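Have a look at the structure below before the remarks.
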Amino acid sequence: MGQKGAETRDRLLDATQELVETGGYFGTGLNRVIAVSGAPRGSLYFHFPGGKDQLVGESVQRAGQAIGDSLGGLAEAGLSVTEFVQAVLRHLGDRLEESGWRKGCPVATVALETAATSDPLQEACSEVYTAWEEALRAQLAGRPDADDLAVTILALVEGALLLARAHRSRDPLDRVARQIGTLLS
């Protein structure tokens with residue numbers, strides 16, 4: 001694939017991520033993806049012959065990788081586990097607030113809407129969540145309860161993002177950050 005093809009593919013994925021994250025899977029039509037991306041209709045089917053599910057699945061994986069890269073950067077900063085999780089919550093809160101409360105978790109909406117009906121999308125969401133759990137588990141290395149804590153922290157973060165978006169307030173994120181500090185002490 002040439003540079004122009006790669007740029008078109010990236011524009012399609014960027015548009016899909018934006019639309020899915022703000023409007024959900026069912027609120028994201030292919031015509032809207034084409035309009036937002038500025039890509040020709042034929043390019044959509046050329047790059048994503050599996051249609052909407054392939055496009056959304058790759059978008060979810062790409063968004064998950066971007067968040068994962070942010071987690072990796074924070075992990076390399078030499079923070080304590082509590083500081084690491086609080087920094088993650090601040091980062092996600094900043095992202096949410098900067099989007100006007102429209103962008104919570106780039107995976108949650110797709111998981112909620114499609115996990116029971118689309119195996120490829122369920123698998124994409126599961127892979128992203130597994131990678132995030134592993135990043136958390138790595139921060140908890142040496143603790144006998146690392147597996148359980150990684151899942152608990154991820155669930156708290158996801159719930160806090162949902163509540164912050166619903167309330168249009170960082171308060172749920174701040175409260176969860178404090179409780180995670182207590183949980184980890």
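Position 1 is the first residue of the sequence; numbering continues from there. None of these values were measured; they are calculated from a predicted model.
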Worksheet item: Who pairs with R168 by salt bridge (charged side-chain N to carboxylate O under 4.0 Å, His left out), at least two apart in sequence or on another chain?
Response: none
Worksheet item: ring pair (Phe, Tyr, Trp, His ring centres under 6.0 Å): which pairs involve residues 107-159, sequence neighbours left out?
Response: Y129-W132
Worksheet item: Are the side chains of D69 and Q65 in touch, meaning some heavy atoms are under 4.5 Å apart?
Response: yes
Worksheet item: Passes side-chain contact (heavy atoms from CB on, under 4.5 Å), E133 versus V151? Steps please.
Response: CA-CA 6 Å; E133 284 175 35; V151 171; 3.5 Å; yes
Discussion item. Using the salt bridge (charged side-chain N to carboxylate O under 4.0 Å, His left out) criterion, which residues pair with D174? Sequence neighbours excluded.
Written reply: none
Worksheet item: CG of L13 to CZ of F48: how many Å apart, nearest 0.5 Å?
Response: 4.0 Å
Practice prompt. Taking side-chain contact (heavy atoms from CB on, under 4.5 Å) as the test, write out the residues that go with E21, two or more places apart.
Written response: Q17, R95, K103, P106
Worksheet item: Sequence neighbours excluded, which residues qualify as side-chain hydrogen bond (donor to acceptor under 3.5 Å, both in side chains) partners of D171?
Response: R175
Worksheet item: Do the side chain of T8 and the main chain of K4 share a donor and acceptor less than 3.5 angstrom apart?
Response: yes
Worksheet item: Which atom names give the shortest non-hydrogen contact between V128 and V60, and what distance separates them?
Response: CG2-O, 3.8 Å
Worksheet, complete the sentence: d(L112 CG, C125 SG) to nearest 0.5 Å is 9.0 Å
Practice prompt. Identify the two heavy atoms, one from A15 and one from V36, that lie closest to each other, and give their separation to 0.1 Å.
Written response: CB-CG1, 3.7 Å
Under 3.5 Å, sequence neighbours excluded: what are the donor-acceptor pairs made by side chains of residues 24-35?
unit_1	atom_1	unit_2	atom_2	d
Y25	OH	D53	OD1	2.4
T28	OG1	L19	O	3.2
T28	OG1	V20	N	3.3
T28	OG1	G24	O	2.7
N31	OD1	R41	NH1	3.1
N31	OD1	R41	NH2	2.4

Practice prompt. Please report the closest heavy-atom contact between L71 and A135, naming both atoms and the distance.
Written response: CD1-CB, 4.1 Å
Fill in: Same cluster (ILVMFWY, side-chain, under 4.5 Å), L184 and L79
yes
Practice prompt. Could you list the residues that satisfy side-chain hydrogen bond (donor to acceptor under 3.5 Å, both in side chains) with Q179, not counting sequence neighbours?
Written response: none
Worksheet item: How long is the span from the CD1 atom in I67 to the SG atom in C105, to the nearest 0.5 Å?
Response: 7.5 Å
Worksheet item: Between R11 and S37, which heavy-atom pair has the shortest distance, and what is it?
Response: NE-O, 2.9 Å
Practice prompt. Would you kindly confirm whether L162 and L154 end up in one hydrophobic cluster when ILVMFWY residues are joined by side chain heavy atoms under 4.5 Å apart?
Written response: no
Result block: side-chain N/O donor-acceptor pairs under 3.5 angstrom for residues 80-92, not counting sequence neighbours:
unit_1	atom_1	unit_2	atom_2	d
S80	OG	E83	N	3.1
S80	OG	E83	OE1	3.3
E83	OE1	S80	N	2.9
Q86	NE2	A177	O	3.4
H91	NE2	S70	OG	3.4

Discussion item. How long is the straight-line distance from NZ of K52 back to CG of L121, given to the nearest 0.5 Å?
Written reply: 9.5 Å
Item to complete: Determine whether more than 12 heavy atoms belonging to other residues, nucleotides or ligands lie under 6.0 Å from atom CZ of R143.
Response: yes
Discussion item. Once side-chain hydrogen bond (donor to acceptor under 3.5 Å, both in side chains) is applied, do any residues pair with E97, and if so which ones, sequence neighbours excluded?
Written reply: R170
Worksheet item: Between Q3 and E7, does a side-chain hydrogen bond (donor to acceptor under 3.5 Å, both in side chains) hold up when you go through it step by step?
Response: CA-CA 6 Å; Q3 182 176 346; E7 289 172 0; 2.8 Å; yes
Item to complete: Output every pair passing ring pair (Phe, Tyr, Trp, His ring centres under 6.0 Å) with a member in residues 59-82, not counting sequence neighbours, ordered by first then second residue.
Response: none
Response to the item:
When every non-hydrogen atom of D147 is compared with those of R137, the smallest separation belongs to OD1-NE, 2.7 Å
Item to complete: Check side-chain hydrogen bond (donor to acceptor under 3.5 Å, both in side chains) between E58 and all other residues, then give those that pass, not counting sequence neighbours.
Response: R9, Q54
Response to the item:
Residues pairing under ring pair (Phe, Tyr, Trp, His ring centres under 6.0 Å) where one sits in residues 162-185, two or more places apart or in two chains, turn out to be none
Item to complete: Specify the closest pair of heavy atoms between L96 and R165, including all atoms of both residues, with the distance to one decimal.
Response: CD2-N, 3.9 Å
Worksheet, complete the sentence: The reported gap from CD in Q139 to CD in E134 (rounded to nearest 0.5 angstrom) is 13.5 Å
Practice prompt. Give, for atom OG1 of T16 and atom CG of L55, the distance between the pair rounded to the nearest 0.5 Å.
Written response: 3.5 Å
